[in-house]
Amino acid sequence: MEALAQFLPLIIMFALFYFLLIRPQRKRQRTVMEMQNNLQKGDKIVTIGGLHGMIESSDETTITIVVGDGTRLTFDRSAVRDVVNKSTV
């Protein structure tokens with residue numbers, strides 16, 4: 001019984017750590033991964049470097065975006081931070 005009483009604070013700390021830190025982080029990772037997997041041609045995006053552009057083409061691992069002056073740049077899908085306007089195509 002005393003052994004349980006000694007480990008109870010540790011068990012409570014682990015439970016709090018899980019519900020306050022680990023679980024929300026996994027949820028954020030899941031939503032980011034879902035967003036990156038659902039990128040389509042015509043979506044207006046922002047990269048992690050702050051570059052704004054529109055997706056011209058994509059494959060399994062990379063996307064090609066067109067920026068304001070017509071320049072085409074190739075990025076990894078993981079470099080996309082946010083979708084500004086979702087394509088309706």
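Residue indices begin at 1 and follow the sequence shown. Remember, predicted model here, so these are calculated numbers, not experimental data.
- Separating the CD1 atom in Ile63 from the OG1 atom in Thr47 is a distance of 8.5 Å, to the nearest 0.5 Å.
- Within the structure, salt bridge (charged side-chain N to carboxylate O under 4.0 Å, His left out) contacts touching residues 16-31 (residues at least two apart or in different chains) do not occur.
- Between the CD atom of Gln40 and the OG atom of Ser57 there is a distance of 13.5 Å, given to the nearest 0.5 Å.
- Under the 4.5 Å side-chain heavy-atom criterion for Ile, Leu, Val, Met, Phe, Trp and Tyr, Ile11 and Met13 are members of distinct hydrophobic clusters.
- Other cluster members for Val84: Val46, joined by side-chain heavy-atom distances under 4.5 Å among Ile, Leu, Val, Met, Phe, Trp and Tyr.
- Judged by distance alone, with hydrogens and angles left aside, the side-chain atoms of Asp43 form no donor-acceptor pair with the main-chain N or O of Leu39 at under 3.5 Å.
- Under the 4.0 Å criterion applied to side-chain N and carboxylate O atoms, Glu56 and Lys41 are not assigned as salt-bridge partners.
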**Item:** Check against side-chain hydrogen bond (donor to acceptor under 3.5 Å, both in side chains), Thr71 and Asp69
**Value:** CA-CA 6 Å; Thr71 305; Asp69 63 352; 2.7 Å; yes

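- Follow the hydrophobic side-chain contacts under 4.5 Å out from Val67 and you reach Val83 in the same cluster.
- Residues Ile65 and Met35 are members of one and the same hydrophobic cluster, defined by side-chain heavy-atom contacts under 4.5 angstrom among Ile, Leu, Val, Met, Phe, Trp and Tyr.
- Put simply, the side chain of Asp59 gets close to the backbone of Thr62: a donor and an acceptor are under 3.5 Å apart.
- Linking Ile, Leu, Val, Met, Phe, Trp and Tyr residues whenever their side-chain heavy atoms come within less than 4.5 Å places Leu51 and Ile45 in a single cluster.
- Linking ILVMFWY side-chain heavy atoms closer than 4.5 Å, directly or via other members, places Val66 and Val80 in two distinct hydrophobic clusters.
- Thr64 contributes atom OG1, which lies 12.5 Å from atom CE of Met54 (distance to the nearest 0.5 angstrom).
- Across all non-hydrogen atoms, the minimal contact from Arg77 to Ser58 is NH2-OG, 3.3 Å.
- With a 4.5 Å cut-off between side-chain heavy atoms of Ile, Leu, Val, Met, Phe, Trp and Tyr, the cluster of Phe14 takes in none.
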